[in-house]
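To keep things clear, I will list the structure first and then write my remarks on it.
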Amino acid sequence: MKLYLVPTPIGNLEDITLRAVNVLRSVDAILAEDTRTSGILLKHLQISKPLHSYHIFNEHQTVQRVVAQLKAGKTLALVSDAGTPAISDPGFLLVRECLRNEIPVECLPGPTAFVPALVNSGLPADRFTFEGFLPHKKGRQTRLSELAEEERTMIFYESPHRLIKTLEQFAAVFGPDRPASVSRELTKLFEETVRGSLQEIITYFADKTIKGEIVICVQGKS
Ligand code: SAM
């Protein structure tokens with residue numbers, strides 16, 4: 001009886017640990033955010049295991065079923081499409097319910113997008129706050145005004161089509177001269193990190209078609 005949370009690559013398939021592979025080989029079944037995406041990774045790793053769907057749309061209903069399987073003695077692994085489960089991905093509800101039921105939980109260390117983005121940014125990494133995705137509408141302005149006084153480096157996940165709008169809102173709240181970085185397509189073929197003031201980064205991306213996955217880091221208030 002045990003739940004493993006197993007981080008998977010955020011792009012480069014070589015970024016999976018030996019232990020992650022061994023755990024995925026040893027469990028009774030794998031819970032996946034998207035069984036097709038994880039199926040491709042498992043095929044690449046030559047791992048053949050029962051794959052069950054576990055995504056944000058069915059998380060509340062599925063939790064009790066998964067807990068029952070664990071209590072029956074099964075050992076399961078939860079993976080997300082990329083990176084570490086429960087980091088801007090499903091997982092938290094299941095971990096909390098397992099702990100309530102005294103089911104052992106172990107999260108393996110491994111890939112997650114915000115750590116390389118923070119370290120690559122060149123911004124202070126001794127203290128930081130991970131903000132994940134900002135709310136799209138309701139609560140967005142409140143969150144931004146709360147962050148106006150934040151002194152730690154702030155890390156955000158963002159989609160490419162919202163990047164410019166978000167950077168412009170950041171420039172309005174934090175000031176256009178605030179140092180920041182945008183990391184795109186980490187570990188992939190077209191990986192790039194753009195560093196500078198918020199205004200410089202807006203100018204860099206303004207006339208480009210922005211594609212891929214993105215992490216924004218913004219220095220805290222000095
Ligand atoms: N669980 C993942 C993790 O541990 O980082 C995050 C999943 S979240 C649904 C997806 C977001 O993570 C993307 O929109 C992007 O902001 C960020 N992300 C994931 N992979 C990335 C990559 N290779 N480069 C840059 N950002 C990435």
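Atoms within a ligand are numbered from 1 in the order they appear, just like the ligands themselves. Predicted, not measured: the structure shown is a model, and the values here were computed from it. Just so you know, residue 1 is the first one in the sequence shown, and it goes up from there.
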Quiz item: Do Asn12 and Lys188 have side-chain atoms, one donor and one acceptor, less than 3.5 Å apart?
Solution: no

Exercise. Return yes if a side-chain donor-acceptor contact under 3.5 Å exists between Thr166 and Arg140, otherwise no.
Key: yes

Would you call [X]-[Y] a salt bridge at under 4.0 Å N-O?
X      : Y      : answer
Lys211 : Glu185 : no
Glu149 : Lys221 : yes
Arg100 : Glu97  : yes
Arg184 : Glu192 : yes

Practice problem: Examine Phe130 together with Phe156 and report whether their ring centres are nearer than 6.0 Å. | Solution: no

Please list, in number order, the atoms of ligand 1 under 4.0 Å from a heavy atom of [X].
X      : result
Thr84  : 1 (N), 3 (C), 4 (O)
Ser88  : 7 (C), 8 (S), 9 (C)
Val215 : 25 (C), 26 (N)
Ala82  : 1 (N), 2 (C)
Phe133 : 8 (S), 11 (C), 14 (O)

Does any N or O atom in [X] lie less than 3.5 angstrom from one in ligand 1, N or O only?
X     : answer
Ser80 : no
Gly83 : no
Gly11 : no
Pro85 : no

Quiz item: Would you say Arg178's side chain and Gln219's backbone share a donor-acceptor pair under 3.5 angstrom?
Solution: yes

Exercise. Just go through Val79, Thr187, Leu186 and tell me whose heavy atom is the nearest to atom 22 (C) of ligand 1.
Key: Leu186

Exercise. Just go through Thr8, Leu163, Asn12, Asp89 and tell me whose heavy atom is the nearest to atom 1 (N) of ligand 1.
Key: Asp89

Practice problem: Mind checking whether Lys188 contacts ligand 1 via backbone (N, CA, C, O), side chain (CB onward), both or neither, at a 4.0 Å heavy-atom cut-off? | Solution: side chain

